[in-house]
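What follows is a short report on a single structure.
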Amino acid sequence: MAVDVLVGLQWGDEGKGKIVDLLSEKYDVICRFQGGPNAGHTIEIGDQKHVLHTIPSGIFRKHTINLVGNGVVIDPITFIREIEGLMNSGLDCTKNLYISLKAHLILPTHRLLDAASEAQKGAQKIGSTLRGIGPTYMDKTGRNGLRAGDVLKDNLAERYEQLKQKHLKLASIYPNIDFDLESEEKKWFEAVEKMRGLNFVNGEYFLNELLAEGKSILAEGAQGSMLDITYGTYPFVTSSNTITAGVCTGLGIAPSSIGKVIGITKAYCTRVGSGPFPTELFDQYGETLMQAGHEYGATTGRKRRCGWIDLPQLKYVIMLNGVTDLVVTKLDVLSAIDQFKAGERYQLIDGTMSEQVPYEMETDIRNVEYQTFKSWKEELGAVRSFDQLPPGARQFITYLEKSLNTRVSMVSVGPERNETILR
Ligand code: GDP
Ligand code: IMO
Ligand code: MG
């Protein structure tokens, strides 16, 4: 068997949670391989809505193993809160949830540093979710970090204190920010205590053994390819490799074990936080997409910036990820507008036309050339087969397949698990 992968192809929030939850019916194992509680993956089952931050989106299936991979960063406070939230809704997820020992821990002072660093950047700020992601990955690569496995060691408090002292010295170079460290620390140690009762595994052996047994595995991406630390719109990115390559380092599986790569895109595009967004809308269309698509961040509640789907951008990440299948979400939202567009080419600053993502989107792109499509009036929420879609919607999907040279295997027409068209 192989490890299939699902990755976001834009700047995050493409609907990964919904699609992974749906697909998890057919997989034995779902794993997160990177990122941390900066993610917010929404799942709607009937009239119940859940937002997951660290727990993989296969958790609602009783027989699915859910693994938090080695490449993930875990905040014990958020993690335990998430587990308890699910408990309160009647789901005991502690049996089929596994934590990789080599995942790194987010300390309260990582969050403090995240906020302080953003405060110093002022107008240049990344627009971080302030979950401590950047500082935690910095400590990982700087070889200072604490790992999930350290939760089980006797000297955790001592090592915590050492790292905290380092952070506090570092914080003194930044502006002062309001942060109740004492109270956050108390919550952190309480959560760590609760974590000790969970299932810890050597993620890499655990997964390779499951692979050898013939189990089907899906790796669930967080964020989106344009937020990748190397290939995204640097520095307005997150601090992990969000693309398919991150699956190997994040889970400890070999590149030859990768199977299908499912890339997910909205029928339009959104971005939350700062950074370039060539097809961004500042008019009524953007406003309508935001309202109709309820484009508010699942983690921070911030308004998401909205714009048209961007084909050069998608071609770039389809190449980087090796996408074999596309999922198009939020097609239903386009019913709210009379017409919509797809960005086809960039006019670069030197006047030439290009279908490639330039070095710096912000300064290197002058204009975007679009194709305009007439929308449809019908609501799509009840549509369950491709043939039932209005002709305009079908034509748009076919256009995407042709332009991106990749088949669309799934179309999503609403937030609920079943509001999906399988092809
Ligand atoms: P993720 O981070 O990629 O899992 O995406 P988020 O959960 O942050 O954001 C996607 C939002 O769109 C959530 O509120 C979903 O419930 C919702 N959603 C997902 N698919 C669809 C769809 O096809 N149509 C509509 N209208 N909403 C959707
Ligand atoms: P999911 O998995 C959308 C964005 C932040 C910010 C930048 C860096 O739900 O798609 P960070 O907290 O990582 O330092 O923030 O990345 N960002 C996301 N945007 N969806 C996400 O996750 C995101 N995770 C981080 O808004 O611009
Ligand atoms: Mg999200």
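Just so you know, residue 1 is the first one in the sequence shown, and it goes up from there. Counting convention: from 1, in listed order, for ligands and their atoms alike.
- When heavy-atom distances to ligand 2 are checked against 4.0 Å, the residues falling inside are Trp11, Gly12, Asp13, Lys16, Asn38, Ala39, Gly40, His41, Ile126, Gly127, Ser128, Thr129, Ala222, Gln223, Leu227, Val237, Thr238, Val272, Gly273, Arg302, ordered by chain and number.
- Considering backbone and side-chain N/O atoms, Leu331 never comes within less than 3.5 Å of an N/O atom of ligand 1.
- Within 6.0 Å of CD in Glu161 there are more than 12 heavy atoms belonging to other residues, nucleotides or ligands.
- Set against the non-hydrogen atoms of His41, the atoms of ligand 1 under 4.0 Å away are 1 (P), 2 (O), 4 (O), 7 (O).
- Taking only nitrogen or oxygen atoms, main chain and side chain alike, Ser412 reaches within less than 3.5 Å of ligand 1.
- Note: Phe236 and Trp11 fail the aromatic proximity criterion, with ring centroids not under 6.0 Å apart.
- In this structure a side-chain-to-backbone donor-acceptor pair under 3.5 Å is present from Arg61 to Asp21.
- Qualifying side-chain contact (heavy atoms from CB on, under 4.5 Å) partners for Lys266, counting only residues two or more places apart in sequence or in other chains: Gln10, Asp13, Tyr268, Thr270, Glu295, Arg304, Thr329, Lys330.
- Of the protein's non-hydrogen atoms, the one nearest atom 15 (C) of ligand 1 is Thr42 CB, 4.0 Å.
- Remark: minimum distance from atom 16 (O) of ligand 1 to any protein heavy atom is reached at Pro415 CB, 3.3 Å.
- At least one N/O-N/O distance between Gly40 and ligand 1 falls below 3.5 Å.
- Considering backbone and side-chain atoms alike, Gly12 places every N or O at 3.5 Å or more from each N or O of ligand 1.
- Between His50 and Phe60, the ring centre distance stays below 6.0 Å.
- Residue Lys164 is tested with Glu182, Glu185, Glu184 for a salt bridge (Lys or Arg N to Asp or Glu O under 4.0 Å); the sole match is Glu185.
- Evaluated by nearest non-hydrogen atom to atom 9 (O) of ligand 1, the leading choice among Arg304, Lys18, Glu295, Met410 is Arg304.
- Looking at atom 4 (O) of ligand 1, its nearest protein heavy atom turns out to be Gly17 N, 2.8 Å.
- Annotation: side chain of Tyr174 is not in contact with side chain of Leu112 (no heavy-atom distance under 4.5 Å).
- At a 3.5 angstrom cut-off on N or O pairs, Gly414 counts as close to ligand 1.
- Between Tyr160 and Phe189, a ring centre-to-centre spacing shorter than 6.0 Å is recorded.
- Among the atoms of Asp332, some N or O lies under 3.5 angstrom from an N or O of ligand 1.
- Closest heavy-atom approach to atom 28 (C) of ligand 1 within the set Glu220, His53, Lys330: this belongs to Lys330.
- Looking at Asn38, Thr54, Asp75, Asp139 one by one, the single match for side chain to side chain contact (heavy atoms under 4.5 Å, CB included) with Ile106 turns out to be Asp75.
- Counting only distance, with no hydrogens or angles, the side chain of Ser335 and the backbone of Asp332 share a donor-acceptor pair below 3.5 Å.
- Excluding waters, the set of protein N, O or S atoms lying under 2.8 Å from the Mg ion (ligand 3) comprises Asp13 OD1, Gly40 O.
- Proximity to Ala298 (heavy-atom distance under 4.0 Å) selects the following atoms of ligand 1: 8 (O).
- No option in Trp376, Phe386, Phe340 other than Phe340 meets the ring pair (Phe, Tyr, Trp, His ring centres under 6.0 Å) test with Phe396.
- When side chains are defined from C-beta on, Val317 does not count as touching Ile243, because their heavy atoms never get closer than 4.5 Å.
- Judged by distance alone, the side chain of Gln356 and the main-chain N or O of Pro312 form no donor-acceptor pair under 3.5 Å.
- Atom CD1 in Ile30 sits 14.0 Å away from atom CD1 in Ile55 (nearest 0.5 Å).
- The local environment of CD in Glu379 is sparse, with at most 12 non-hydrogen atoms from other residues, nucleotides or ligands closer than 6.0 Å.
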*Test salt bridge (Lys or Arg N to Asp or Glu O under 4.0 Å) applied to Glu416 and Lys18, step by step*: CA-CA 7 Å; Glu416 211 275 333; Lys18 173 196 157 156; over 6 Å; no
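- Heavy atoms of His50 come nearer than 4.0 angstrom to ligand 1 in no pair at all.
- Residue Asp13 has at least one nitrogen or oxygen atom sitting less than 3.5 Å from a nitrogen or oxygen atom of ligand 1, judged on distance alone.
- Residues satisfying the side-chain contact (heavy atoms from CB on, under 4.5 Å) test with Glu280, not counting sequence neighbours, are Phe277, Phe282, Arg305.
- Close approach of ligand 1 to Gly15 is summarised as follows: ligand atoms under 4.0 Å from at least one heavy atom of the residue are 1 (P), 3 (O), 4 (O), 5 (O).
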